[in-house]
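A single structure is presented below for examination.
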Amino acid sequence: MLCTRCRIRTAVTDDGLCTFCSGTRPPLPDGATAPVPATGLGPGSGPGSGSGSGGWGVGTWPRSPVGLSRAVIALLGCVIASDLFVIGAGLHLRGLWEGLEADESLNIYTDPGLRAQELYDLAGNVQTAAFLATGVLFIIWFHRTRRNAEVFESGVQRMGPGWAVGGWFVPIANLWFPYRVASGIWEASVRLHPDGGWRTVPKTVLNLWWGGWIVSVLVSRIAVSQWNRAREPEQISDAAALVAAADALDAVAAVLAIVFVRAVTRMQVERAGVRQTATVPAPAAPGSTAP
């Protein structure tokens with residue numbers, strides 16, 4: 001029978017709780033405690049210190065995601081700025097095509113049109129560069145938080161740490177695999193009750209982030225496809241409007257990603273602080289002697 005509280009582990013007590021939720025986990029042999037690095041949750045601790053419950057490559061102590069999260073948030077801000085830049089340039093170019101649609105005698109390929117197209121191309125290049133840089137750093141942060149989750153609570157992980165990277169590159173499956181990884185990270189990063197019991201935190205932030213990302217990706221693909229097929233001024237004008245809408249959704253998805261990164265990072269820092277407090281032995285009283 002599964003535990004009536006966490007619904008994950010096998011119940012071992014008369015009231016239907018597992019050893020984790022009932023607070024009856026056996027102590028380590030000979031009074032040993034988990035290793036605690038001098039700097040706690042910091043860059044100096046991590047996989048080099050040993051192998052944790054998750055197997056090869058997972059350390060016995062979490063590594064701080066704070067520095068990476070700050071860099072990711074800064075780059076997500078750049079993504080938002082580049083989205084606004086490309087939206088402005090695209091709407092300006094759309095206005096010229098609308099003018100051509102109303103008056104076919106206009107020549108959009110003269111200086112105003114050429115400058116608008118060059119500006120739009122520049123904005124697109126800036127947007128692409130910001131997206132790629134952010135994507136690389138986000139995946140690094142994502143993988144680190146997944147490794148930390150293995151240290152915190154390996155039992156709730158649905159996919160291995162490698163999927164925190166590889167899951168993004170599997171066609172079709174990348175619409176679902178990263179969410180499964182993120183769900184395990186979220187559940188493992190939740191701070192426990194003072195009595196050691198499991199505490200559930202709604203996944204609203206996680207769901208909003210992932211939903212925003214999926215909608216942004218799908219609308220962007222549709223908009224790019226329509227833009228590539230457009231030939232007439234009216235078609236180009238409509239496609240430009242759809243592309244601008246897709247870029248706006250991308251900016252919203254970036255804002256939701258910032259909220260998600262901040263939430264997970266904060267939870268992991270709090271969880272690591274509780275873990276460190278629980279594993280650091282109390283200092284011996286002055287004058288006491290070992291038995």
Considering non-hydrogen atoms only, spot the tightest contact between P112 and L96 and give its length. O-CD1, 3.8 Å
Heavy-atom nearest pair, G184 first then A149, reads O-CB, 4.4 Å
Test Y120 against Q117 for side chain to side chain contact (heavy atoms under 4.5 Å, CB included), laying out the working first. CA-CA 5 Å; Y120 187 62; Q117 185 62 52; 4.1 Å; yes
Do any N or O atoms from the side chain of S69 and from the backbone of V66 form a donor-acceptor pair under 3.5 angstrom? yes
For A248 and I87, the nearest pair of non-hydrogen atoms, with its separation, is N-CD1, 3.6 Å
I'd like to check the side chain to side chain donor-acceptor pair (under 3.5 Å) partners of R158; sequence neighbours left out, ordered by chain and number. S183, E187
In this structure, CD of E232 is separated from OG of S237 (nearest 0.5 Å) by 12.5 Å
Starting from the C-alpha separation in whole Å, work towards a yes-or-no answer on side chain to side chain contact (heavy atoms under 4.5 Å, CB included) for V205 and W186. CA-CA 10 Å; V205 171; W186 186 274; 3.9 Å; yes
Any sub-3.5 Å donor-acceptor pair from N174's side-chain atoms to F169's backbone N or O? no
Quick one, F138 with W168, criterion side chain to side chain contact (heavy atoms under 4.5 Å, CB included). Give me CA distance, side-chain angles, the key distance, then yes/no. CA-CA 11 Å; F138 179 88; W168 296 94; 3.7 Å; yes
One should read off an interatomic distance between R70 CZ and R262 CZ, to the nearest 0.5 angstrom, of 10.0 Å
Intermediate values then yes/no, side chain to side chain contact (heavy atoms under 4.5 Å, CB included), W97 and L93: CA-CA 7 Å; W97 281 103; L93 182 62; 4.0 Å; yes
Nearest atoms (heavy-atom pairs only) where A253 meets G212: CB-O, 3.7 Å
Main chain of V261, side chain of T265: is a donor-acceptor contact present, judged purely on distance under 3.5 Å? yes
Minimum heavy-atom separation for A123 and V86, please, with both atom names. CB-CA, 3.6 Å
Smallest heavy-atom separation, P161 atom then H143 atom, equals O-CD2, 3.3 Å
Grouping I, L, V, M, F, W and Y whenever their side-chain heavy atoms are under 4.5 Å apart, do W213 and L132 come out in a common cluster? yes
Co-membership, hydrophobic cluster, residues M159 and W176, 4.5 Å side-chain: yes
With a cutoff of under 4.5 Å between side-chain heavy atoms, which Ile, Leu, Val, Met, Phe, Trp and Tyr residues group with L249? V215, V219
Donor-acceptor pair, side chain of Q157 and main chain of E153, under 3.5 angstrom: yes
In terms of hydrophobic clustering (I, L, V, M, F, W, Y; side-chain heavy atoms under 4.5 Å; direct or indirect links), are I139 and I214 co-clustered? yes
For N148, does its backbone N or O pair with a side-chain atom of R63 as donor and acceptor, under 3.5 Å? no
Distance, nearest 0.5 Å, that separates CG of L75 from CD1 of I258: 10.0 Å
Once rounded to the nearest 0.5 Å, what's the spacing between atom CZ of R271 and atom OG of S189? 7.5 Å
First locate atom CG of D247, then atom CG of L242, and finally report the distance between them rounded to the nearest 0.5 Å. 10.0 Å
Is there a donor-acceptor contact under 3.5 Å linking the side chains of S225 and R229? yes
Report whether W209 and V255 are members of the same hydrophobic cluster (ILVMFWY, side-chain heavy atoms less than 4.5 Å apart, transitive linking). yes
ILVMFWY network linking V72 to I185, side-chain heavy atoms under 4.5 angstrom: yes
Would you give the length of the straight line joining atom CG of L68 to atom OG1 of T145, rounded to the nearest 0.5 angstrom? 9.5 Å
Relative to the ring of W210, is the ring of Y179 parallel (under 30°), tilted (30 to 60°) or perpendicular (over 60°)? tilted
Between Q127 and D250: side-chain donor-acceptor atoms closer than 3.5 Å: no
